[in-house]
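Before any comments, here is the structure.
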Amino acid sequence: MFAQENRLKRMRGKLVVGNWKMNGGLAANAALLGELVSNWGPTPGRDLAVCIPYPYLVQAQAALASTPIAWGAQDVSEHAAGAFTGEVSAAMLVEFGCRYVIVGHSERRQHFGDTDAVVGAKARVALAAGMTPVACVGETLAEREAGATEAVVLRQLDAVLASVARDAAKLVVAYEPVWAIGTGRTATPAEAQAVHATLRRRMDAAGANDVLLLYGGSVKADNAKTLFAQEDIDGGLIGGASLKASEFLAIANA
Ligand code: PGA
């Protein structure tokens, strides 16, 4: 059983996604993207991507087209077009070559009111446009301390699964405990693996057993290796550490 699971893990491959959040600028991006391009060659079974602020998508497209590094956005509107001031549609993201789009990041849930239903709708429109949603789930510290971790992440995941219906296998799911994001406090590999195993069982039940499950929350070069070695952790969603090329590449190589 153990050997079989390890083989499955190898078959799933590995994905590391940078989430720049609201950071960057033309000059800094050019330097960062340039360093990534110079130092990341095609690596079988390993994929690297950056999710960047909307205005810089055209810059990323120019810098990363015809490289093995993919790019994407950090959010998408659940609406197709029309009177939604400030929003960006999935079709627009596709025009700039986005392969990935993060949906349901805890910062969107906390500060911008993205509900489970909205996150599900965003995942659905991203898939319909041909992108891969990186659907984020994660509990707050209070929820963890109340013993509600599993219930919270499954509720969040189920909303996405209900919305995407038969397309569950096309998702990437990221477990990001809210208390570990940007705090320097990482879930231990065992804590993260326990939640990932729960998510894996749910994805298995949805007929999507080889979906990539990423861990996010204060991943750094020095803790990435033990996290990524866990049975059900297939890579990471990296915030702060994705802004420095050497650190991000070290994580991608972990
Ligand atoms: P962090 O952020 O790596 O800075 O903790 C992760 C995320 O929010 O995606």
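Order of appearance sets the numbers: ligands from 1, and atoms from 1 within every ligand.
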> Tell me, do Asn19 and Ile102 make a side-chain contact under 4.5 Å, heavy atoms counted?
Replying inline: yes
>> Under 4.0 Å, counting heavy atoms only: does Gly182 come that close to any atom of ligand 1?
In response: yes
> Counting each atom of ligand 1 from 1 as listed, which ones have a heavy atom of His105 under 4.0 Å away?
Replying inline: 7 (C), 8 (O), 9 (O)
> For ligand 1, which atoms have a heavy atom of Ala180 less than 4.0 angstrom away?
Replying inline: 5 (O)
>> Out of all atoms in ligand 1, which are within 4.0 Å of some heavy atom of Lys21? Include the element for each.
In response: 2 (O), 7 (C), 8 (O)
> Is the shortest side-chain N to carboxylate O distance from Glu247 to Lys220 below 4.0 Å?
Replying inline: no
>> Does ligand 1 come near enough to Ser218 that some N or O of the ligand is less than 3.5 Å from an N or O of the residue?
In response: yes
>> A side-chain contact here means heavy atoms from C-beta on lying under 4.5 Å apart; do Leu157 and Val173 qualify?
In response: yes
> Got a second to check how far Arg12's CZ is from Asn209's CG, nearest 0.5 Å?
Replying inline: 8.5 Å
> Does some non-hydrogen atom of Cys136 fall short of 4.0 Å from ligand 1?
Replying inline: no
> Given that the side chain starts at C-beta and the backbone is N, CA, C, O, which of these parts of Asn19 lies under 4.0 Å from ligand 1, counting heavy atoms, or is it both or neither?
Replying inline: side chain
>> Students should be able to answer this: which protein heavy-atom is nearest to atom 3 (O) of ligand 1, and at what distance?
In response: Gly239 N, 2.9 Å
> Which pair of heavy atoms, one from Phe248 and one from Ala49, lies closest together, and at what distance?
Replying inline: CZ-O, 3.6 Å
>> Taking 4.0 angstrom as the limit and counting only heavy atoms of Glu176, give me the atoms of ligand 1 inside it, by number and element.
In response: 6 (C), 7 (C), 8 (O), 9 (O)
> Less than 4.5 Å apart, any side-chain heavy atom of Leu213 and any of Tyr175?
Replying inline: no
>> Can a donor-acceptor pair be found, under 3.5 Å and without considering hydrogens, that links the side chain of Thr43 to the backbone of Gly41?
In response: yes
>> Within the 4.0 Å heavy-atom shell around Gly240, which atoms of ligand 1 are there?
In response: 1 (P), 3 (O), 4 (O)
> Counting each atom of ligand 1 from 1 as listed, which ones have a heavy atom of Gly217 under 4.0 Å away?
Replying inline: 5 (O)
>> Going by salt bridge (Lys or Arg N to Asp or Glu O under 4.0 Å), name the residues that satisfy it together with Arg108, two or more places apart in sequence or in a different chain.
In response: Asp75, Asp114
